[in-house]
Structures are given as structure tokens and as C-alpha cells.
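Only one structure is covered here, and it is reproduced in the block below.
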Amino acid sequence: MSEQLALLGGNRAVTHGQPRFVWPILTDATDRAVLRQMRDTISIYDRSGVFARFEDAWSARHKRSRSLLTNSGTSALHSVYVGADLKRGDQVIAPAYTFHATVSPLFQAGAVPVLADCDATGNIDCDHVEALIGSRTRAVVVTHMWGVPADMPRLSSICARHGLMLFEDCSHAHGATYGGNPVGGKDSTAAAWSLQGQKIITGGEGGILSTDDDRLYHRATLFGHYNKRCVKEIPRDSDLQRFAVTGMGLKLRAHPLAIAMAEEQLGHLDGWLREKRRFARIMSERFGKLRGLRAPVVPEGCDPAWYAFVLQYQPEELDGLPVERFHAALLAEGAVEADLPGSTCPLSWFPLYQEPHQLFPDAVPEQPCYKRGQFPTAERFSSNAIKLPVWVNPEDGEVVEQYIAAFEKVVGGYKQLL
Ligand SMILES: Cc1ncc(COP(=O)(O)O)c(C=O)c1O
């Protein structure tokens, strides 16, 4: 006999019942860093102070020659696309399964997003990427979904063979590595990260891009950082210098207080990753044994950042029990941090991707209009995703055990829910 589920009146498996994953971790050191910055300056016009320190540290960590802070990850991605000088009608192959902001700024840049399905890892399917390459393709963009690195060696070799640029959205993957190399490093043309409030390194809001391509960097600077920063940084003999005072008309600068906070956090990144990886190992091993669930697929040689731990629910192994009912039972057990991610879903489900010409009447006629059902692997991955945080405090080992117990209990008693 299975134990009575909490949803049906039994005792809860998770006893504390409150969210234990509170992000970001704010300490007295964070307060001091932000206050120090507030007394120093709250508006930075050029690449100095905390901006220079953070960008230099970021470039060094990712073995890049240049980094550029922005006010959001969306702005960083937009800056990469404008920096790369994508022309109207240029096609960019992009993941169908990602947070939409990886891809949506392409519409603003006049480029054409061409979506590719994902594979069992949730990342872009390299075979589908290759099949989509055509005469108008100029670039590929990938997201390291939930912190698991995409197949960068294969993607960079495909892009090199076809003369394409490769961009990375590393917003879930601060500190992730493949073959010992950091994501966002040497294998792409440029990479962007969000520093938004839930991200592993955060300033509340903010973003950053890194590249070794000077032209891309200068164009990206001109796109969102007019006057002093452009005047000082764009070389005198560049054809872009004469636009330095106005830039391209937008201002996408980061806030210094946000970056002071992110700078303090950066010092903790390796320690957090160590703890996350330790917990993720336990979670993978234990969840992987449960009927009806698959632990995240991590390719050989990859060390994810574990922004989240995304299980794949297998309803056919539990007599077709809908994921929503399974999830409701988990919540009732007190596993309140188990989430069905809603807004991160196949982009083909969104009106923007189904009817792009409604919002962008000037989009080229070749812009695809997507519909549900076009990306079967992404649809299945998204519909069956159950997301858990990966805790970082060593004392959260007990929470991990209780969450595993909650899943074991619901799997063991699933027949009560049918
Ligand atoms: C994968 C991914 N890309 C881009 C973004 C956009 O970043 P921001 O919210 O900083 O604009 C996010 C934010 O959630 C994200 O998860």
C-alpha cells in the first residue's frame, strides 16, 4: 500500500512548506558594495569605475578581448545583433525552445528568425540547424538551456564550414563549461548574458556581451552607449567615429548600483557552482531512478551551471497521469518550489511568431509564420518539464532530501490520483 498523498489528506513530505531557494543571496557585503558605489557615482558615462572592473573581470573569465555592459540581457542580445550588422532579410537560425528574448530582438534588427527544434538536452538540435542552412543564412544563435551547455564544438564547426556567425545566449549558464572551456568564450562570434534578478550573477536588472570582434563591439557600443563612451573608444580612423556623439539614438546603459551588486556576486560564483554541482549530482542520481521521470541529459564533458534542474515527466509510464495533476500533488506535499515553466515554451506557440507581420508590417515576406505542432521535440520537452531550483547553501541538503522524498511519494502513490 502506498502512503496517502497530501493532496488527498495525508501528511506532507516537505515539512517546512516555504520556499527555501531565495535568490539572490544578499549579505552585508552586498549592502556595503552598493552603498560604496552610491557614494562614488550613480551614473557612469564611459568605461570607467565599476563598469571597467566588471567588464575586465568578465572578459578575463571568458578569455575574450572585450565585454560591454547593458541594462538587460535582452538589450545585450539586441546589441549583438545590431553589432553584427545583420541586414534586412538576413536569416538567423535560432532555437524554437528558449526564452523568447533570445530571438525576439531579431525582429527589431530586421533579421529573419528561422527556428530549429531541440534535442533530448533541450538545446538546439545540430542536425536541424544544418538542414535549415540556406543562401540567406548569416548566423546561428543558441541558448544553453537551463544551464546545460549546447554542443559548441559541433555548432562552431558547422558555422565555420558555412561561413556563419555563431552567437550564444548564456543567460542560464553563468559559469557553465564544456571540455573545460567556459560557455560564452572562444567558440562563438559573440555571447550575451542576462544579469536579471533570478540569474546566477545578478544586479537585479542588467546584461553583458562579450566578443573578440572589434567591429561588432564598436557597433554595439554605438547602438546603446552614445557620447563619451563612443567618443573615447571608437578609434579615430573608424568610419563609425563620426556618429559617436549621437550613437544610433538609444541608451541601453547599465545602472552602476546594479553592477556593484553583480561585481560582489561574481566573487561567489565558483563557490556557488561547486555547491550546485554537488546537489545536482545527488538529484540526478536519485530522480533518475524514479519511474515516470528523467533527470536532465548532460552531454559528456559538460559541467552545467544548474540555473535550474529540469526533469522530464513521462506520463505514459504513469498510466497517462497529466503533468498538472502530478504537479498539484507535489505542491500539496509541500514541494512548493517545483514549477511548470510557462513562459519558457516553444516560440511557435506565441502570436509574435505566428503572425509577425501584425507587429512588424515591414518584415520580409519570407519571414516564416509558425504554428503549433511544428517542433515536436520542443513541444514535448516543454510540456513535460518540471523545474526545480538547485540550492546553494550546504545546509539545504535536508531540503533536497525532502524534495526527493516528495517525488518518490507521489510516484509511489500515483494510482491514487488517477
Ligand atoms: C535565456 C534568456 N535569454 C534572455 C533573457 C532576457 O534577459 P533580461 O530579462 O535581462 O532582459 C532571459 C531572461 O529571463 C533568459 O532567460
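In this text the structure is predicted, and so the values were computed from the model without any measurement. Read the numbers this way: they start at 1 and go in the same order the structure lists the ligands and their atoms.
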>> The criterion is salt bridge (Lys or Arg N to Asp or Glu O under 4.0 Å); which residues satisfy it with Asp362, sequence neighbours excluded?
In response: none
> Can Glu55 and Arg61 be counted as an ion pair, charged N to O under 4.0 angstrom?
Replying inline: no
>> For the aromatic rings, using the six-membered ring if either is Trp, is the centroid distance between Trp391 and Tyr403 under 6.0 Å?
In response: yes
>> For a quick check: using heavy atoms under 4.0 Å, what are the residues in contact with ligand 1, sorted by chain and number?
In response: Ser72, Gly73, Thr74, Leu77, Phe99, Ala101, Thr102, Thr143, Asp169, Ser171, His172, Ser194, Gln196, Lys199, Gly206
> Pairs in or reaching into residues 38-76: which pass ring-ring contact (aromatic ring centres under 6.0 Å, His included), with residues at least two apart or in two chains?
Replying inline: Phe54-Trp58, Trp58-His62, Trp58-Trp193, His62-Trp193
> Under 4.0 Å between a Lys/Arg side-chain N and an Asp/Glu carboxylate O for Lys409 and Glu333?
Replying inline: yes
>> I'd like to check the side chain to side chain contact (heavy atoms under 4.5 Å, CB included) partners of Cys159; sequence neighbours left out, ordered by chain and number.
In response: Val140, Leu164, Leu166
